[in-house]
Amino acid sequence: MWNKNRITDLLGIEYPIFQGPFGGGLSTVELTSTVSNLGGLGGFGAYTLSPDEIYEIDKQIKLKTDKPYNLNLWVNDHDIIDQEHTENQYKKTVEIFKPYYDSLNIEVPTLPPSFESRFQNQLQVVFDIKPKVFSFMFGLLDPYIIERLKNQGTVVAGNATTLDEAITLENIGVDVIVASGFESGGHRPSFLDKAELSTTGTFALIQLVKDKVKTPIVAAGGIANGRGIAAAMTLGAEAAQIGTAFLATEESGALPIHKEFLFSEAARSTTLSRAYTGRLGRGITTEITRKLLTATEQTLPFPLQTTFISSMRKAALEQKKHELVFFWSGQIAPILKHKKASTLMKSLIEDASEILNT
């Protein structure tokens with residue numbers, strides 16, 4: 001049976017289908033619980049949340065499902081070097097973004113306040129609530145932390161964008177490796193080299209990792225239907241993580257206009273850009289990402305760029321100037337069909353079963 005392997009046994013799930021754990025308010029209790037209740041692994045991205053907010057989300061999810069779900073955090077949650085560097089970057093950022101603020105008739109924001117890492121406090125929550133699955137991105141955990149998590153019954157998953165990152169994750173003892181290809185929507189979770197130099201495609205990455213590591217692999221990027229799941233598992237993955245297709249459903253926290261764009265012809269073109277957050281991420285190509293494609297050195301460090309851009313994004317949405325908004329999306333968006341998470345999940349299971357059980 002295609003849906004019985006090391007990952008399903010380890011996690012206690014019926015189907016090796018993961019829902020991408022979106023951050024920044026895009027994950028919801030409803031989406032996470034729906035996927036888990038239908039036999040997959042729902043995911044919740046919590047890197048922007050306070051410890052108290054994570055406790056509350058965990059409580060809400062557990063009221064809606066008694067199945068496992070994946071809680072995701074970012075180990076390195078900022079790229080700030082020092083105040084002097086940030087001030088120099090701010091001058092460059094203002095220079096390149098001022099015309100866009102002027103076009104919206106709003107003031108250029110002042111330099112955002114500095115940012116204190118939340119990760120250590122967030123990690124304590126993971127030890128307290130003991131989720132069945134904990135995944136991390138943008139860095140490494142100390143092996144003793146991984147051992148402690150495993151001893152409390154938590155399955156630990158790390159995200160890799162290259163073969164070297166996958167090998168590094170195996171060496172520190174993770175249970176599962178999510179191999180994130182460059183087709184994926186959202187941020188590129190690279191940590192050994194610059195994200196721009198870590199752009200291996202999903203189906204190449206699966207094979208490279210499978211050849212060198214023994215840890216079970218989850219394929220992520222460019223998968224939105226049963227055919228994609230079947231292809232990933234044929235190449236050596238033991239599960240598939242699906243992001244954009246779930247992001248487009250009614251249950252996700254994406255704005256209605258974001259979902260509209262995911263189902264539009266605009267989704268045929270996506271861009272990797274640092275323009276909106278300061279970290280490299282893939283979204284639908286709009287005027288701003290097309291023009292700022294090479295502006296890598298003219299953005300503030302993450303997450304200050306997100307704060308800097310927030311008033312522009314808000315004004316652009318209110319004024320319906322969507323060419324100035326960056327909507328997260330993977331390259332696979334043009335084949336999306338389903339607008340309800342339950343319908344999508346059932347379709348994934350049926351189509352993968354038909355292909356892999358023949």
Side-chain angles (χ1 to χ4, degrees), residues 20 22-28 31 45 48 92-109 112 182-188 195 221-222 224 242-296 298-300 302-341 344:
F22 318 121
L26 299 176
S27 288
T28 66
L31 177 58
T48 61
K92 298 176 185 177
T93 305
V94 169
E95 184 179 338
I96 198 168
F97 280 91
K98 189 175 188 306
Y100 299 109
Y101 280 90
D102 289 346
S103 72
L104 294 163
N105 295 311
I106 59 172
E107 293 292 320
V108 175
F182 93 130
E183 301 95 329
S184 301
H187 287 102
R188 303 296 303 132
I242 294 167
T244 302
F246 280 115
L247 185 63
T249 63
E250 294 173 7
E251 291 84 354
S252 92
L255 293 173
I257 187 62
H258 187 166
K259 295 171 188 178
E260 188 178 314
F261 262 71
L262 290 173
F263 284 105
S264 75
E265 290 190 3
R268 293 181 182 179
S269 175
T270 63
T271 310
L272 284 167
S273 175
R274 290 182 181 267
Y276 248 72
T277 69
R279 279 187 175 172
L280 193 69
R282 183 178 295 284
I284 295 172
T285 305
T286 54
E287 177 190 328
I288 194 164
T289 53
R290 192 182 297 277
K291 288 187 176 179
L292 301 183
L293 192 61
T294 58
T296 301
Q298 293 169 292
T299 57
L300 286 165
F302 177 89
L304 301 186
Q305 181 70 12
T306 310
T307 306
F308 176 84
I309 217 82
S310 61
S311 61
M312 190 185 92
R313 182 177 186 272
K314 181 175 183 290
L317 288 167
E318 288 173 350
Q319 297 177 32
K320 294 185 166 43
K321 293 184 177 180
H322 298 136
E323 69 276 8
L324 301 183
V325 182
F326 193 39
F327 298 109
W328 299 121
S329 174
Q331 291 183 330
I332 202 67
I335 73 166
L336 300 184
K337 294 178 181 177
H338 303 291
K339 296 188 177 182
K340 289 194 70 66
L344 170 60

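If you read the sequence from its start, that first residue is 1, and numbering goes on from there.
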Using the six-membered ring of Phe182, assess whether NZ or CZ of Arg282 lies under 6.0 Å from its centre and within 45 degrees of the ring axis.
-> yes
Heavy-atom closest pair, residues [X] and [Y]:
X	Y	value
Ala275	Leu292	CB-CD1, 4.0 Å
Ile332	Gly222	CD1-O, 3.7 Å
Thr244	Ala333	CG2-CB, 4.1 Å

Interatomic distance, CD1@Ile284 vs CZ@Arg268, rounded to 0.5 Å, equals 12.5 Å
Quick one: which residue pairs count as a side-chain hydrogen bond (donor to acceptor under 3.5 Å, both in side chains) with a foot in residues 324-336, not counting sequence neighbours?
-> none
Under a 3.5 Å cutoff, is there a donor and acceptor pairing between the side chains of [X] and [Y]?
X	Y	value
Thr249	His338	no
Thr299	Arg274	no
Ser273	Thr289	no

Using modelled atom types and a 3.5 Å cut-off, is there a donor and acceptor pairing between side-chain atoms of [X] and backbone atoms of [Y]?
X	Y	result
Ser27	Gly45	yes
Gln305	Thr277	no
Lys321	Ser103	yes
Lys259	Glu250	yes

Pair Tyr276 and Phe308, ring centroids less than 6.0 Å apart | no
Can you find a pair of side-chain heavy atoms, one from Ile288 and one from Met312, that are under 4.5 Å apart?
-> yes
Tell me, do Phe22 and Leu247 make a side-chain contact under 4.5 Å, heavy atoms counted?
-> yes
Would you please classify the geometry between the Phe327 ring and the Phe261 ring as parallel, tilted or perpendicular, with 30° and 60° separating the classes?
-> tilted
